[in-house]
Protein chains: 2
Amino acid sequence: MPFRIKIPRSTIDRLPLYYRCLNLIEEHGIEEISSQVLGVRVGVDPSVIRKDLAWFGELGKRGVGYNVTYLKEAIGRILGLDKEWPFILVGAGKLGMALAEHNRKYGRHFHLVGVFDRDPEKFGLMVGGQQVSPMEEMPAFVKEKDIKIAMLAVPAEEAQKVAHELVKCGIKGILSYAPITLSVPEDVLVYNADYNLDLQRLAYYLSNDGNISWGE
Amino acid sequence: MPFRIKIPRSTIDRLPLYYRCLNLIEEHGIEEISSQVLGVRVGVDPSVIRKDLAWFGELGKRGVGYNVTYLKEAIGRILGLDKEWPFILVGAGKLGMALAEHNRKYGRHFHLVGVFDRDPEKFGLMVGGQQVSPMEEMPAFVKEKDIKIAMLAVPAEEAQKVAHELVKCGIKGILSYAPITLSVPEDVLVYNADYNLDLQRLAYYLSNDGNISWGE
DNA sequence: CACTGTGAACGCCTTCACAGCG
DNA sequence: CGCTGTGAAGGCGTTCACAGTG
């Protein structure tokens, strides 16, 4: 029976930052890096990096640092990037189309394998290397190919309904660009990519300089 | 001399969720809401909501709940949405263009007022209601209009350089779609909107079910 | 009476300082 | 000697339970 430990969410959130940065560093031909230097590059305190990595074993060499390629690959495995992650896109509007095209350029571990929309006028259009198919075909497609991830780029009014459908077909992770909070079962993960949220957070800090003031 | 208190970052991160939800609820004609019900809608524990709101005064009525419109507007003011936030977009590639068009449809408090790119072939193109201008014109434009927010949708190689330029012109908040960690002065805020980060986090949880296991 | 506002307890992540090792 | 790995201390957000109030 496997020994299971819960890793802090904040740790997981940082791993992709490390991974992204290590790829760059590797391209520059650097072989060893200390938590100190990596910390500067990703904007994270060195002791945080060491603690984060320590959850997964002894990844570095004392007195030396971390081997860039080794660490990159270790983090990749931890994140599950040694697997292929096919995903679908629902909603072939302007945003959906751009996301699909963008991914084709940058994605390595995540592959767009299907695009679905309700609008008959969209059917057959090529988006991110895929033909847009009618929404009705989505369930069979997802089940057959055992797809776990979906990007959601439909209008707010449709989003919740589509999310239900996705979950029903076995989708376990949703990256949602819809401007609403989706309600899904516990075992389904939703990441909100609606950029208005971030703009509003920015606005707060720009307005208040990180504080609230009152009195005189 | 004003009395200043630091609000937890997690509180600020949740406010836009409340705001987004309250807008929807208001449209449905509901006038009062309890932290209980709101909590279900945004997927946040009721006591967290009450604590969050308590930072900003007594926004609710005991025994009743919160007035939807009043609370929505209060949160709007806290976030700084009573002001107008003009912003620029740098990078008129596919992603940049889609973001700009998308914002035209949904944005209320944030207005795209300029688009810049280095590629001469893009100059003059209409994107999100704005003509694409040469990068060289950006500094004067930003300074003159006193713009504080920029969306960054340029390739990784250019992103850091552009970020420097933006900061130099007085930009204080950057929403970056570039797949690198930007280094900026302390008083400048960067939000990472690179969706590969979220996809990788999803992959982790889908791979490990939120845990790491080893042994047998 | 219902639901907010809030102090106190709790738990968890971060920080710190140093032990452990190449 | 340098930098990682880590237990212990500290800080901070969340949870809890209830006092406060319309």
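Labels below follow one simple rule: chain letters A, B, ... track the order of the sequence lines, proteins then strands, and each chain is numbered from 1.
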Query raised in the report: When you match Thr11(A) and Lys61(A) each to their closest nucleotide on DNA chain C, which lands nearer the 5' end?
Result: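 Between the two, 5'-proximity favours Thr11(A).
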
Query raised in the report: For Gly57(B) and Asp52(A), take the nucleotide of DNA chain C holding the closest heavy atom to each; which residue's nucleotide lies nearer the 5' end?
Result: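 Between the two, 5'-proximity favours Gly57(B).
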
Using atom [atom1] of [X] as one end and atom [atom2] of [N] as the other, report the distance to the nearest whole Å.
{"X": "Leu71(A)", "N": "dG5(D)", "atom1": "CG", "atom2": "C1'", "value": "14 Å"}
{"X": "Leu59(A)", "N": "dC3(D)", "atom1": "CG", "atom2": "P", "value": "18 Å"}
{"X": "Phe56(A)", "N": "dG5(D)", "atom1": "CZ", "atom2": "P", "value": "13 Å"}
{"X": "Arg50(B)", "N": "dT21(D)", "atom1": "CZ", "atom2": "P", "value": "16 Å"}

Report task. Would you mind checking if Glu157(B) and Arg118(B) are paired as a salt bridge, meaning a charged N to carboxylate O distance below 4.0 Å? Result ->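 Result for this pair is no, no salt bridge flagged.
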
**Report entry** Nearest-0.5 Å distance that lies between atom CG in Leu175(B) and atom CZ in Phe87(B)
**Finding:**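 So the CG of Leu175(B) and the CZ of Phe87(B) are separated by 8.5 Å.
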
Query raised in the report: Which distance, rounded to the nearest 0.5 Å, do you find between the NZ of Lys83(A) and the CG of Leu206(B)?
Result: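 Reported to 0.5 Å precision, the distance equals 9.5 Å.
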
**Report entry** Mutual orientation of the aromatic rings belonging to Phe110(B) and Trp85(B) [parallel < 30°, tilted 30-60°, perpendicular > 60°]
**Finding:**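 Parallel: the ring planes of Phe110(B) and Trp85(B) meet at under 30°.
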
Requested in this report: State whether the side chain of Gln160(B) and the backbone N or O of Ser183(B) hold a donor-acceptor pair below 3.5 Å, judged by distance alone.
Outcome: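 Yes, because the side chain of Gln160(B) sits within donor-acceptor range (under 3.5 Å) of the backbone of Ser183(B).
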
Requested in this report: Would you check, one step at a time, whether the test side-chain contact (heavy atoms from CB on, under 4.5 Å) holds for Gln200(B) with Leu15(A)?
Outcome: CA-CA 9 Å; Gln200(B) 291 176 6; Leu15(A) 291 181; over 6 Å; no

Query raised in the report: What is the 5' to 3' range of DNA chain C, first to last nucleotide, that sits under 4.0 Å from any heavy atom of chain B?
Result: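 Both ends considered, the range comes out as dA2(C) to dA8(C).
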
Requested in this report: May I have the step-by-step check of side-chain contact (heavy atoms from CB on, under 4.5 Å) for Tyr66(A) and Tyr18(A), ending in yes or no?
Outcome: CA-CA 12 Å; Tyr66(A) 299 90; Tyr18(A) 304 157; over 6 Å; no

**Report entry** Nucleic acid contacts of residues 27-40 of chain A, taken as heavy-atom distances under 4.0 Å to DNA chain C
**Finding:**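 None - not one residue of the stretch has a heavy atom sitting under 4.0 Å from the strand.
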
Report task. Give Leu53(B) one of three labels, base, sugar-phosphate or nothing, depending on what nucleic acid heavy atoms sit under 4.0 Å from its own. Result ->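 Nothing, no nucleic acid heavy atom in range.
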
Query raised in the report: Is it true that His102(A) and Tyr195(B) have ring centroids separated by less than 6.0 Å?
Result: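 Judged by ring-centre distance (under 6.0 Å), His102(A) and Tyr195(B) do meet the cut-off.
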
Query raised in the report: Could one point to a donor on the side chain of Lys51(A) or the base of dG7(D) with an acceptor on the other under 3.5 Å away?
Result: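 Answer is yes: a donor-acceptor pair is held.
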
Query raised in the report: Considering only dG2(D), dG13(D), dA19(D), which nucleotide approaches the side chain of Arg62(B) most closely?
Result: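 The listed nucleotide nearest to Arg62(B)'s side chain is dA19(D).
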
Query raised in the report: Of the nucleotides dG5(D), dT14(D), dG22(D), which has the atom closest to the Arg14(B) side chain?
Result: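 Given the options dG5(D), dT14(D), dG22(D), the side chain of Arg14(B) is closest to dT14(D).
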
**Report entry** Which residue lies more 5' along DNA chain D, comparing Pro8(B) with Ser47(A) via nearest heavy atoms
**Finding:**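 This one resolves to Ser47(A).
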
Report task. State, to 0.1 Å, how close Ala203(A) and Leu81(B) come at their nearest heavy-atom pair, and which atoms those are. Result ->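 Closest approach of Ala203(A) to Leu81(B), heavy atoms only: CB-CD2, 4.4 Å.
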
